Amino acid sequence: MSVITRFAPSPTGFLHIGGARTALFNWLFARHNGGRFLLRIEDTDRVRSTEAAIDAIIDGMKWLGLDWDGEVVFQFVRAPRHAEVVDQMLAEGKAYRCYCSVEELEEMRKAAMAAGKPLRYDGRWRDRDPKEAPEGVKPVIRIKAPQTGETVVRDEVQGEVRVANDQLDDMVLLRSDGTPTYMLSVVVDDHDMDITHVIRGDDHLTNTFRQVQIYNAMGWKHPSFSHIPMIHGPDGAKLSKRHGALGVEAYREMGYLPEAIRNYLLRLGWSHGDDEIISTQQAIAWFDLGAVGRSAARFDFAKLDSLNAHYLREADDAALAAETAKRLGVGGAEALDRLRRAMPGLKARAKTLKELAENAAFYVTPRPIALADKAKALLTPEAKTLLAKLATELAKTGDWSAVGLEALVRGFVEAEQVKLGQVAQPLRAALAGSTTSPGIFEVMEILGQSECLGRIGDCT
RNA sequence: GUCCCCAUCGUCUAGUGGCCUAGGACAUAGCCCUCUCACGGCUAGAACAGGGGUUCAAAUCCCCUUGGGGACGCCA
């Protein structure tokens, strides 16, 4: 039997980082096994589901390079099928109508809490005669769950997990308005879509017992379950927006590369010996459920940064130049060409595309460029004198290559009896407007002779 | 409150009873390289939550405690 996995987000918000990892693991597992990876949008909550969220999820998946097979499945349109399953359960005596009001349910929970008992529905309509139903109340349909024994889940990641059935209650399958609940639709859809492996966050682990009861009631074989640990914020608490529970588009905005995100997310909870840099090809070849860890991981931007820096250095210069130009809001073939030639020196110094753009700005800023305070401080009267002197020599040279310029400047400092830094730093200040930049001779070569002389002239 | 899950350096993790005076990566500190900043190289500090067992032998197996997380909804 071939493997079929799915990613089933509810469109009530963006595709956050935890969801992205769940999607990645499902995708990897399917690709590793030559199986199929499906995308199902769980939009049964009509109030909270939005079109914008659906778009955000789909864009996020595409950006991350997680391609799914076949058409996107929308859960809401399958509601009639879900109701049909409930009809069958009703007919077979595996489900029943419950006429409890929400107030009644609330009291039940309070009483249970006070008595130190599990918070569960007491089954008061389970065996009650439907003739006693109050007038005008639309019932919900509840499953007639087993009351003794235990339900066991053999999880690929968590191992064997069991719970006594008296801890579980008769959950609602169909709401009083006739729409299906999550528990029901997820089971019916996973069954109908022939999902073989359910890989999801471990916040669903205890839900799994209830879902298994539905599979059992229907006489269906349930898929293999893998509950992967959640991602926490740097402080160990649940991931909040403040930490990184941002939509993937926010990471894109911050200048992270999809390959870096994939690599980072993969290593959060999964490992392959001491390997850290793992290409997507390798990830597909190596991924296995058995190596997924069982404890929650904290999200760490520093590590993501370092991975991103790595992939930035490997990225194509022309593509990086185009992205940088876009972020800088500059166009034109000349600017683009300058950025492309400057890219090797630039990308080694940045961790994100955002930082890359900031560092690259001086290359394409029109004269006169603004000088940072520290750069101004470098341009002392003595330094300016030296620069002016150097400028006359620079104006005469016919070799404007980094190598030629370095030879020229080194000759100049020797003649002037000064250290290279005494010239290079003011030069950097004048040309880049900053105290830090790529190698100064490289900067000069890329900027070109007239631009350099102009910039030196602007501040001497 | 009830149930479930988890627990190795600050962080991500390797480790599946002897190879562990516990390895790697990120971060941190120092040194080297050097026109600055990065990159790169080298070095350093840094962990088996605590307590009981089992065993010739435990980071690894069992139990308890503690700490963290999750679920308990006519949300998903």
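Keep in mind that this is a model prediction, so the values were computed, not measured. The chains referred to below are lettered A, B, ... by the order of the sequence lines, with proteins before strands, and numbering in each begins at 1.
Taking every side-chain heavy atom of A:Ser10 into account, B:rA76 is the closest of B:rA76, B:rC12, B:rC39. Distance from the side chain of A:Gln167 is smallest to B:rC3 among B:rC3, B:rG70, B:rA38. Among the nucleotides B:rC35, B:rC3, B:rC5, the one closest to the side chain of A:Val163 is B:rC3. Nearest nucleotide to the side chain of A:Tyr182, out of B:rA71, B:rA76, B:rC3: B:rA76. Considering only side-chain atoms of A:Asp274, the nucleotide from B:rC12, B:rC35, B:rA14 that sits closest is B:rA14.
Contact annotation: A:Arg210 does not reach the phosphate of B:rC72 (side-chain N/O to OP1 or OP2, under 4.0 Å). Here A:Ser271 reaches the OP1 or OP2 of B:rA14: one of its side-chain N or O atoms lies under 4.0 Å away. Proximity of A:Arg267 to the phosphate of B:rG24: no side-chain N or O atom is located under 4.0 Å from OP1 or OP2. At B:rU36, none of the side-chain N or O atoms of A:Ser434 fall inside 4.0 Å of OP1 or OP2 (strictly under the cut-off). Using a 4.0 Å cut-off, some side-chain N or O of A:Arg109 falls inside it from OP1 or OP2 of B:rG73.
Ion pair A:Glu414/A:Arg410 not flagged as a salt bridge, since none of the NZ, NE, NH1 or NH2 atoms sits closer than 4.0 Å to an Asp/Glu carboxylate oxygen. Between A:Glu358 and A:Arg349 there is no salt bridge, since no side-chain N of the basic residue sits under 4.0 Å from a carboxylate O of the acidic one.
Among the heavy atoms of the strands lying under 4.0 Å from A:Ser306 are primed sugar atoms or P, OP1, OP2 only; no base atom is included. Residue A:Phe441 is in base contact, counting any heavy-atom pair closer than 4.0 Å across all strands shown. Among the atoms of the strands shown, base atoms are found under 4.0 Å from some heavy atom of A:Cys100. Counting non-hydrogen atoms under 4.0 angstrom, A:Ile440 reaches a base of the nucleic acid. A:Arg48 comes within contact range of at least one nucleobase, with a heavy-atom separation under 4.0 Å. Heavy atoms of A:Arg294 sit under 4.0 angstrom from primed sugar atoms or phosphate atoms, though from no base atom. Among the heavy atoms of the strands lying under 4.0 Å from A:Ser295 are primed sugar atoms or P, OP1, OP2 only; no base atom is included. Residue contacts shown for A:Thr44 are limited to sugar-phosphate atoms, with no base heavy atom under 4.0 Å away. At the heavy-atom level, A:Leu205 lies under 4.0 Å from the strands shown only through sugar-phosphate atoms. In this structure, A:Met183 reaches the bases: a heavy-atom distance under 4.0 Å links it to at least one base atom across the strands shown. Counting non-hydrogen atoms under 4.0 angstrom, A:Thr436 reaches a base of the nucleic acid. In this structure, A:Glu276 reaches the bases: a heavy-atom distance under 4.0 Å links it to at least one base atom across the strands shown. Residue-level contact check: A:Pro438 touches the bases, meaning some heavy atom is under 4.0 Å from a base atom. At the heavy-atom level, A:Val172 lies under 4.0 Å from the strands shown only through sugar-phosphate atoms.
With a cut-off of 3.5 Å on both pairing distances, the Watson-Crick or G-U wobble partner of B:rG40 is B:rC32. Using N1 to N3 plus N6-O4 or O6-N4 for Watson-Crick, or N1-O2 and O6-N3 for G-U wobble, each under 3.5 Å, B:rA25 pairs with B:rU11. With a cut-off of 3.5 Å on both Watson-Crick or G-U wobble distances, the partner of B:rC3 is given as B:rG70. The pairing partner recorded for B:rG17 is none, the criterion being a Watson-Crick or G-U wobble arrangement whose two distances lie under 3.5 angstrom.
Considering all non-hydrogen atoms of both residues, A:Pro134 and A:Tyr99 come closest at CD-CB, 3.6 Å.
No close placement of the A:His82 and A:Tyr182 rings is indicated, their centers lying 6.0 Å or farther apart. Remark: aromatic rings of A:Phe29 and A:His197 are close, center separation under 6.0 Å.
One donor-acceptor pair, N or O on each side, does fall under 3.5 Å between the base of B:rA76 and the side chain of A:Asn207. Contact annotation: side chain of A:Asp202 to base of B:rG70, donor-acceptor pair absent below 3.5 Å. For a distance-only test at 3.5 Å, the side chain of A:Lys303 qualifies as a donor-acceptor partner of the base of B:rA25. On a pure distance criterion of 3.5 Å, a polar donor-acceptor pair joins the side chain of A:Ser176 and the base of B:rC74.
Nucleotides B:rG53 and B:rA58, compared at atom P, are 12 Å apart to the nearest Å. Taking atom P in both B:rG68 and B:rC12, one finds a spacing of 16 Å when rounded to whole Å. Taking the C1' atom of each, B:rC20 and B:rG10 are spaced 22 Å apart, rounded to whole Å. Separation of the P atoms belonging to B:rU60 and B:rU16 is 13 Å when rounded to the nearest angstrom. Between B:rC31 and B:rU36, the distance separating the two P atoms is 15 Å to the nearest Å. The same atom, P, is picked in B:rC26 and in B:rC39; the two are 10 Å apart, to the nearest Å.
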message = Assess the residue pair A:Phe25 and A:Trp270 against the criterion (ring pair (Phe, Tyr, Trp, His ring centres under 6.0 Å)); give the C-alpha distance rounded to whole Å, side-chain angles, the decisive distance to 0.1 Å, and a yes or no.
response = CA-CA 9 Å; A:Phe25 281 26; A:Trp270 180 85; 7.7 Å; no
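Each of A:Thr435 and A:Leu174 has a nearest nucleotide on RNA chain B; the 5'-most of these lies closest to A:Thr435. Mapping A:Leu268 and A:Asp203 onto RNA chain B via the closest heavy atom, the residue that lands nearer the 5' end is A:Leu268.
A:Tyr121 carries A:Arg142 over the face of its six-membered ring, with the cationic atom under 6.0 Å from the centre and within 45° of the normal. Figure legend: A:Arg40 and A:Phe7 shown without cation-pi pairing, the cationic atom not lying both under 6.0 angstrom from the six-membered ring centre and within 45 degrees of its axis.
Per the geometry, NE2 belonging to A:His204 stands 18 Å off P belonging to B:rC6, to the nearest Å.
At distances below 3.5 Å, at least one donor-acceptor pair connects side-chain atoms of A:Arg21 with backbone N or O atoms of A:Leu268.
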